[in-house]
Number of protein chains: 2
Amino acid sequence: MSRVNGTLFRSRDFGTIERFIEPCILLLLSREPTHGYGLMEGLEKHCGEKVDVGDLYRTLRRMEHDGWVNSAWDRKENQRDKRIYTITEEGRAFLKHAVASLKETDELIHHLFRGYQKVYPESNAI
Amino acid sequence: MSRVNGTLFRSRDFGTIERFIEPCILLLLSREPTHGYGLMEGLEKHCGEKVDVGDLYRTLRRMEHDGWVNSAWDRKENQRDKRIYTITEEGRAFLKHAVASLKETDELIHHLFRGYQKVYPESNAI
DNA sequence: TGCTCATATATGTAAATATCATATATCATT
DNA sequence: AATGATATATGATATTTACATATATGAGCA
């Protein structure tokens with residue numbers, strides 16, 4: 001627990017979406033097959049803040065286990081080995097589902113904004 | 001793990017926001033002090049689907065511990081005892097912070113939508 | 001050569017949260 | 001007397017996140 005400007009916070013930030021990294025990964029892999037480390041820059045743009053590297057690699061292995069991505073080693077001379085991930089049809093299906101779910105989430109958020117605006121009209125919630 | 005229309009899902013639904021119930025509770029309590037059971041109908045409108053009752057009561061006690069709400073027993077004749085929760089100034093501050101965080105979350109979601117629309121133009125993501 | 005930094009892929013562990021089940025008790029209605 | 005709605009909780013487990021650490025290679029430089 002910490003206190004910022006008089007407001008209490010618990011260890012985790014508020015407002016994050018569980019496993020939001022997964023559709024972000026799938027979208028990036030929809031553009032082109034990439035390895036874990038290479039995904040990071042793009043992910044930071046999509047997911048905001050910093051991406052936990054350990055979380056990223058574990059997520060990729062889990063997504064492979066779930067059948068949403070495939071991986072193959074890219075072994076080249078004068079270059080570190082890279083595990084290249086490719087999106088599967090199942091992965092595209094999940095991404096589509098995720099986008100639909102996020103639309104619902106988005107509606108809930110805006111419902112809250114509207115309610116907040118009503119109760120606290122001086123704020124500019126919307 | 002389950003499979004719906006060929007798409008794999010893990011046990012939890014995708015797209016849920018961690019502790020989204022908390023700003024929803026605080027918004028409802030901003031309107032009037034209420035007891036746990038009484039919050040449920042309003043919460044289902046705010047949080048979508050069904051609200052886990054056990055989660056609700058545990059969350060309320062945790063929020064009281066954090067100083068965001070106060071509680072007092074309402075003991076009346078011919079009526080079950082109710083623990084009435086009231087929002088505090090700290091609670092209002094957290095609600096304000098939560099709304100601001102959710103605006104950032106909302107931007108991330110829409111960033112993903114725009115990216116999705118680019119890669120899959122036939123979808124109507126936005 | 002030895003040093004450091006960026007690249008690259010992981011695992012270990014603990015804490016926070018969600019989910020599902022269960023317990024308990026009262027009031028109103030049948 | 002039994003059932004269902006009201007009302008407040010706890011127990012156990014699974015899931016996810018956060019933070020730390022391990023390991024190894026290639027590039028650039030003194």
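Each chain gets a letter, A, B and so on, in the order the sequences are listed, and its residues count up from 1.
- No side-chain heavy atom of Trp73(A) sits under 4.5 Å from any side-chain heavy atom of Lys82(A).
- Note: CZ (Phe14(B)) to C1' (dT15(D)) measures 15 Å, nearest angstrom.
- The nearest whole Å value for the distance from the NZ atom in Lys76(B) to the C1' atom in dC27(C) is 15 Å.
- Non-hydrogen atoms lying under 4.0 Å from DNA chain D are contributed by nothing in residues 28-41 of chain A.
- Between the CD1 atom in Ile17(B) and the CD1 atom in Ile17(A) there is a gap of 5.0 Å [rounded to 0.5 Å].
- In this model, the phosphate group of dT16(D) is approached by a side-chain N or O of Arg62(A) to a distance below 4.0 Å at OP1 or OP2.
- Other residues, nucleotides and ligands contribute more than 12 heavy atoms inside 6.0 Å of the CD atom of Glu122(A).
- Inter-residue side-chain proximity for Leu29(B) and Thr34(B) is flagged as met; some heavy-atom pair is nearer than 4.5 Å.
- The shortest distance between side-chain heavy atoms of Leu56(B) and Ile21(B) falls below 4.5 Å.
- Look at CG on Asp52(B): it is 14 Å from C1' on dA14(D), rounded to the nearest Å.
- Between Ile25(A) and Met63(A), the closest side-chain pair of non-hydrogen atoms falls below 4.5 Å.
- In this structure, the helix from dT1(C)-dA30(D) to dT30(C)-dA1(D) shows an angle of 0° between the axis at its start and the axis at its end, each fitted on 5 base pairs and rounded to 10°.
- Nearest-nucleotide assignment on DNA chain D puts the 5′-proximal partner with Ile21(A), out of Gly54(A) and Ile21(A).
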Residues Ser30(A), Tyr116(B); criterion side-chain hydrogen bond (donor to acceptor under 3.5 Å, both in side chains); working and verdict: CA-CA 9 Å; Ser30(A) 294; Tyr116(B) 188 74; over 6 Å; no
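- Met63(B) places its CE atom 17 Å from the P atom of dA16(C), with the value rounded to the nearest Å.
- For the pair Phe20(A) CZ and dT17(D) P, the computed distance is 12 Å after rounding to whole Å.
- Ring geometry for Trp68(B) versus Phe94(B): interplanar angle under 30°, hence parallel rather than tilted (30 to 60°).
- Residues Asp74(B) and Arg83(B) have side chains not in contact (no heavy-atom distance under 4.5 Å, counting atoms from C-beta outward).
- Using a 4.0 Å cutoff on non-hydrogen atoms, the parts of residues 77-87 of chain A near DNA chain D are Asn78(A), Gln79(A), Arg80(A), ordered by number.
- For the 3.5 Å distance criterion, the side chains of Tyr120(B) and Arg92(A) qualify, holding a donor opposite an acceptor.
- To the nearest angstrom, P of dT15(D) lies 11 Å from CD of Glu18(A).
- Between His35(A) and Tyr85(A) the shortest side-chain heavy-atom distance does not fall below 4.5 Å.
- For Glu41(A), the CD atom counts as loosely surrounded, since its 6.0 Å shell holds 12 or fewer non-hydrogen atoms of other residues, nucleotides or ligands.
- Rounded to an integer number of Å, the gap from CG of Asp55(B) to C1' of dA14(D) is 14 Å.
- Closest-nucleotide positions on DNA chain C for Trp73(A) and Arg58(A) were compared, and the one nearer the 5' end corresponds to Trp73(A).
- Atom OH of Tyr57(A) and atom P of dT7(C) are 11 Å apart (whole Å).
- When distances run from any side-chain atom of Arg61(A) to the nucleotides dT17(D), dA9(D), dA10(C), the shortest one goes to dA10(C).
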